Q: 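Let me give you the structure first, and then I'll get to my questions.
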Amino acid sequence: MKKENKTRKPMGRAGSLLVSLVVTAVVGFVYFYVSLPAINPQSGDFYSFLALLCIVYTISVFVLSAKPLDNGEYSVVRTPREKIKDWFLFVKKSCLPVLILFAAVVAVAIVGQIISMPIFRASAYRELLTVQTGDFATDIAEISFNKIPTLDRASAEYLGDRQMGTLSDMVSQFEYSGDSTQINYQGRPVRVAPIAYADLIKWFTNRGNGLPAYVVVDMVTQEATVTRLSEGIKYSFSEPLNRNILRHLRFQYPTMMFATPEFEIDEDGRPWWIAPRVVKRIGLFGGTDIQGAVLVDAITGESQYYEEVPNWVDTLYVPELIMQQYDYHGTLVHGFINSILGQRDVTITTDGYNYIAMNDDVYMYTGVTSANADQSNLGFLLTNQRTKETHFYTAPGATEYAAKLSAQGVVQDLGYTATFPILLNIAGEPTYFIPLKDATNLVKTYAMVNVAQYQIVATGTTVSACEQSYIKLLDEKGITRVELLPQTEAKGKVAEIRTAVIEGNSYYFIRIQGEKVFYSLSAAQNREVVTLNVGDTVTIEYAQPLPPNPYLDSVRPPSIYDGNALHINERMTVFPGNE
């Protein structure tokens, strides 16, 4: 007996609406989970989210409401034209509120963009950043050698990545994340970065214990260390699901807008994520600024919002935001029209930035030039990245790019590449300090370039040697008079010679008969030292230690001590003599 085919009963109108709502909810949840829009009327992503929900619902209603009108009760008594008309009336009735919402979302987004434009709110944009005028020589202290960063970000991350290769128990499971942050840690400038899971399989097998360490790169000594944790980091960017730091923040603070969280450690070495809270201060979408931050414990996930963050936090205002706000401040000085036509008194930031550590805070530094973006700076901008306190220092001179070219020109035969300069106060003069690195991203030598006269360039294999040469050049050019270290000399027969290679440079340590100290001489600076033998008579010139002095304390060599202490001074010269 032939089995009769059963005709499936078409879905009713109530059913199609219910299914459309379910489909919309599912799509909305997936989109929210992946894209993480803030449920905030000042977020552009929020309007995109609402528009997507409206579109998905409308399409679902159109698709699901077509079937009952093909085979429903009207199929015999109504014409196709009447069925189509009835279908459109149903869709219009079902989707009208959603279509109205969609139109409202689009209208609000467009109007919000218009009323937030700088052309209508020039003065408000200019007031986003308060800029004070400072005196460079007074405000910017002469930094001690043990606080001058000698690495740029690329070099620091290269060293951090290389350090991971020395850890046999980690290298197959984890990798260097490359997401480092420059901070002051226990009074020293360092870059810190978490490690990351090597791949999805490694995440699955290790997620229970979390990430077991983070990497610290000392920006002065160029030493990279992996700090192991007793309890692993559970919340990070390398987590793909709920413990992803962005998803964790969104679920806890669904209405807050956040800048990209920065990884930091407190003074006890505990890892944290610092998530600056983004606010819009002009119109609906304009005037991006920061108002406090959420601090997330990277191990436990516990979080708290602070209107004023603790003092150990170093990175709240990122350089890109500060530079954007200054560009508004500098270009809108006489209104929007002047920023386009005429450009009277218009200034902008230069391309690039660096960091300076002062007073246990990290400051962002960038140059300020004219709107024509020529090869000269008008001055410099220093901004505290925690408080946004900003000072402008008038110091006409070369741009950072011009200074880099000048430094590279001195060592062009070696093929070294200049990093982005750091602004220092050397003998009261604004000075570019530029580490020079080789093709492997390792720093090989240093240069100091005078900002006002960038043809004045000094180099040295150490920061101390570079500064001594630079100070000597300043004195020779009559730019400044610095109290030089008084010279003295030691004479006698060579009793003992030792050698060592320090930071790639050969040093000879010489002890004269009747003395207990060794004199350290660089073979690169005193080539005749390689010909010395025990018993030769020598005269060694060296700098006599001075009484305490705020400036010279940072540049003079250590004192000579009894015992086995070494007297380090690369400016010494050696004169072999006869008995």
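The shown structure was predicted, so the numbers you read here are calculated from the model rather than taken from an experiment.
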Q: For Glu308, is the CD atom crowded, meaning more than 12 foreign heavy atoms sit under 6.0 Å from it?
A: no

Q: Could you point out which residue of Thr390, Asp289, Thr383, Thr349 forms a side-chain hydrogen bond (donor to acceptor under 3.5 Å, both in side chains) with Gln325?
A: Asp289

Q: Glu127 and Tyr328: side-chain donor and acceptor closer than 3.5 Å?
A: no

Q: So for atom OH, which belongs to Tyr33, do other residues, nucleotides or ligands contribute more than 12 heavy atoms lying within a distance under 6.0 Å?
A: yes

Q: I need the single residue from Asp360, Asp314, Thr315, Asn311 that forms a side-chain hydrogen bond (donor to acceptor under 3.5 Å, both in side chains) with Arg386. Which is it?
A: Asn311

Q: Mind checking whether Phe380 and Tyr432 have parallel, tilted or perpendicular rings, split at 30° and 60°?
A: perpendicular

Q: Got a sec: does the CG of Asn209 have more than 12 other heavy atoms crowding it under 6.0 Å?
A: no

Q: Are Thr181 and Glu264 linked by a side-chain donor-acceptor pair shorter than 3.5 Å?
A: no

Q: Going by atom types only, do Ser464 and Thr462 share a side-chain donor-acceptor pair under 3.5 Å?
A: no

Q: For Tyr470 and Asn450, test the side chains for any donor-to-acceptor distance below 3.5 angstrom and give the result as yes or no.
A: yes

Q: Roughly how far apart are Thr150 OG1 and Gln222 CD, rounded to 0.5 Å?
A: 4.0 Å

Q: Parallel, tilted or perpendicular: which describes the rings of Phe285 and Tyr47, with under 30° parallel and over 60° perpendicular?
A: perpendicular

Q: Under a 3.5 Å threshold, yes or no: a donor from one side chain and an acceptor from the other, between Thr366 and Tyr326?
A: no

Q: Report yes or no: do Asn441 and Lys437 form a side-chain donor-acceptor pair below 3.5 Å?
A: yes

Q: With rounding to the nearest 0.5 angstrom, report the OH to CG distance, Tyr393 to Leu382.
A: 5.5 Å

Q: Within the distance-only criterion (no hydrogens, no angle test), does the side chain of Thr419 pair as donor or acceptor with the backbone N or O of Pro435 below 3.5 angstrom?
A: yes

Q: Assess the residue pair Leu381 and Val131 against the criterion (side chain to side chain contact (heavy atoms under 4.5 Å, CB included)); give the C-alpha distance rounded to whole Å, side-chain angles, the decisive distance to 0.1 Å, and a yes or no.
A: CA-CA 9 Å; Leu381 207 66; Val131 180; 4.3 Å; yes

Q: Do Tyr353 and Glu400 meet the criterion of a side-chain donor-acceptor pair at a distance under 3.5 Å?
A: no

Q: Under 3.5 Å, is there a donor on one side chain and an acceptor on the other for Asp152 and Ser155?
A: yes

Q: Quick check: do Trp273 and Pro194 have side-chain heavy atoms less than 4.5 Å from each other?
A: yes

Q: Does atom CG of Asp351 have more than 12 heavy-atom neighbours, drawn from other residues, nucleotides or ligands, at distances under 6.0 Å?
A: no

Q: Any luck finding a side-chain donor-acceptor pair between Glu267 and Gln186 under 3.5 Å?
A: no

Q: Rounded to the nearest 0.5 Å, what separates atom CZ in Arg247 from atom CD in Glu239?
A: 10.5 Å

Q: Apply side-chain contact (heavy atoms from CB on, under 4.5 Å) to Val111 and list each qualifying residue two or more places apart in sequence or on a separate chain.
A: Ile115

